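A short write-up of the structure that comes next.
Just so you know, these numbers come straight off a predicted model, no measurement behind them.
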Amino acid sequence: MAATATDKYGNTSQNVNDAGRVVIVDTISPTITVEYSDADRVVGKTSYYNNDVVVTFIVNEANFFAEDVNVSVSKDGGKSHALKTSWKNLTTDVHVGTCTLSGDGDYVITVNYTDRSSNQMKTYTSHVLTIDTILPVIDVAYRNTNVINTLIDNEEQERQYFADTQTAVVTVTEHNFNAEEVEFSIVAKDVMGTELDVDRLHMKAEWEEGANEDTHVAVITYPGDANYTFDVAYTDLATNVAKDYEPDYFTVDNTTPVNLTTEYSTSLLDTILETITFGFYNAKVNVTLTAEDETSGIHEFK
């Protein structure tokens, strides 16, 4: 651009040449679109991942300078800090930045950008991005340790027998926990293997927080007589699967056997011989003992 100035008396100034200077008129604010690698699961407004998260920023701006884009991240509600981002230009107006989130935690990303013409982009704030790579841990402890017997049952499983109520304390250690998704499998049978109404035979308390916010405890009480099989499984919100839990086999039997009877028998010949020998013949006697137990069955007679 070149210019001269002339006053009203015809005096003309020296020619001023501004060669090389570029004047940009920009009244359009930058815009941004953000994309994420596929989440393993989305619950509410939180995306869960069991690995790193790749974040892609797409900025539309004609006069773009990557150093003017402020990308920051906060972890677990802490203070925000700059997030290293690599940029490349797809076209004059389209610019793509990428970054990676690594390490377990809850992340929130914020992007601010004002171009060189002072046009301000609307601040971008992400939803919560949770990375969780740790498997849940399941532990079951039984309060009644007075084992009366340990036997192989009719299904060839080693089973422990208890003469009183059993109580199980189930603990799941997991940061991203949903109690409703813990899968319990509890089966109750009688001595013949017929399934019983298990809901009438046990009680499960509500989940409570354990020693810290990552431990969750449920207490299951078994007052009813039955042969129980217990199993439990859990997959967390980031789809991490807990190690397979080996089923427990135990019996609660509070009831004594019933209908105990004793029968004695001798053969007809033995009876005749004993009669004609005036009782000096030692006849054999068969003794039959019978009893009933609907839960444990009869183990022995004394």
May I ask you to check whether Phe230 and Phe250 place their ring centres under 6.0 Å from each other?
-> no

Contacts of Ala233 meeting side-chain contact (heavy atoms from CB on, under 4.5 Å) (sequence neighbours excluded), chain-then-number -> Glu183

Return the minimal non-hydrogen interatomic distance between Leu201 and Ala188, and the atom names on each side.
-> CD1-CB, 3.8 Å

How far does CG of Asn119 sit from OG1 of Thr114, to the nearest 0.5 angstrom?
-> 8.5 Å

Heavy atoms only: give me the nearest Val140-Ala168 pair and the separation to one decimal.
-> CG1-CB, 4.2 Å

Pick from Tyr113, Phe64, Phe65: which one makes a ring-ring contact (aromatic ring centres under 6.0 Å, His included) with Trp87?
-> Phe64

Would you please name every residue forming a salt bridge (charged side-chain N to carboxylate O under 4.0 Å, His left out) with Glu35, sequence neighbours left out?
-> none

Specify the closest pair of heavy atoms between Thr251 and Arg159, including all atoms of both residues, with the distance to one decimal.
-> OG1-CD, 2.8 Å

To which residues is Ile134 joined in a hydrophobic cluster, defined by side-chain heavy-atom contacts under 4.5 Å among Ile, Leu, Val, Met, Phe, Trp and Tyr, whether direct or through other members?
-> none

Other than Tyr249, what residues sit in its cluster of Ile, Leu, Val, Met, Phe, Trp and Tyr side chains whose heavy atoms are under 4.5 Å apart, directly or through others?
-> none

Any chance you could pull the hydrophobic cluster mates of Tyr48, using side-chain heavy atoms under 4.5 angstrom and chaining through other members?
-> Val43, Leu237

For Tyr245 and Tyr234, run ring-ring contact (aromatic ring centres under 6.0 Å, His included): C-alpha distance rounded to whole Å, both residues' side-chain angles, the deciding distance at 0.1 Å, then the answer.
-> CA-CA 10 Å; Tyr245 184 84; Tyr234 181 62; over 10 Å; no

For residues 205-220, pull every pair meeting side-chain hydrogen bond (donor to acceptor under 3.5 Å, both in side chains), keeping only residues two or more places apart or in separate chains.
-> His175-Asp214

With sequence neighbours excluded, what pairs up with Glu195 under the side-chain contact (heavy atoms from CB on, under 4.5 Å) test?
-> Val187, Lys189

Same hydrophobic cluster for Val172 and Tyr142, using side-chain heavy-atom links shorter than 4.5 Å among ILVMFWY?
-> yes

Any side-chain heavy-atom pair from Arg143 and Val169 closer than 4.5 angstrom?
-> yes

Taking atom CG of Asp197 as the centre, report whether more than 12 heavy atoms of other residues, nucleotides or ligands fall under 6.0 Å from it.
-> yes

Name all residues meeting the side-chain contact (heavy atoms from CB on, under 4.5 Å) criterion together with Thr194; count only those two or more places apart in sequence or in a different chain, and write none if there are none.
-> Asp190, Met192

From Asn60 atom CG to Ser29 atom OG, the distance as rounded to the nearest 0.5 Å | 12.5 Å

For the residue pair Asn70 and Val111, establish whether any side-chain heavy-atom pair is separated by less than 4.5 Å.
-> no

Who passes salt bridge (charged side-chain N to carboxylate O under 4.0 Å, His left out) against Glu67, sequence neighbours left out?
-> Arg116

OG1/Thr98 to NZ/Lys84 distance, rounded to the nearest 0.5 angstrom?
-> 10.5 Å

Determine, using the 4.5 Å side-chain heavy-atom cutoff (strictly less than), whether Val34 and Leu101 are members of one ILVMFWY cluster.
-> yes

Separation of Thr123 OG1 from Ile32 CD1 (nearest 0.5 Å) = 10.0 Å

With sequence neighbours left out, the residues meeting side-chain contact (heavy atoms from CB on, under 4.5 Å) with Gln160 are Val147, Thr150, Phe162

Determine, stepwise, if the pair Asn144 / Tyr222 fulfils side chain to side chain donor-acceptor pair (under 3.5 Å).
-> CA-CA 11 Å; Asn144 184 353; Tyr222 302 90; over 6 Å; no

Given the rule in the side chain to side chain donor-acceptor pair (under 3.5 Å) test, do Thr239 and Asn50 qualify, once you have shown the distances and angles that lead to the verdict?
-> CA-CA 7 Å; Thr239 70; Asn50 54 34; 3.1 Å; yes

Going by the side-chain hydrogen bond (donor to acceptor under 3.5 Å, both in side chains) test, which pairs reach into residues 124-136, not counting sequence neighbours?
-> Tyr36-Tyr124, Ser47-His127, Asp104-Thr133, Asp106-Thr130, Asp132-Asn176

Interatomic distance, Asn112 atom CG to Ser72 atom OG [nearest 0.5 angstrom] | 7.0 Å

Which pair of heavy atoms, one from Glu61 and one from Ile28, lies closest together, and at what distance?
-> OE1-O, 3.8 Å

Please check if atom CG in Asp139 has more than 12 non-hydrogen atoms from other residues, nucleotides or ligands closer than 6.0 Å.
-> yes

Using side-chain hydrogen bond (donor to acceptor under 3.5 Å, both in side chains) as the criterion, list what pairs up with Asp93, not counting sequence neighbours.
-> none

Measure the spacing between CZ of Phe57 and CG of Leu83 and express it to the nearest 0.5 Å.
-> 6.0 Å

Can you hop from Val137 to Val232 via hydrophobic side chains spaced under 4.5 Å?
-> no

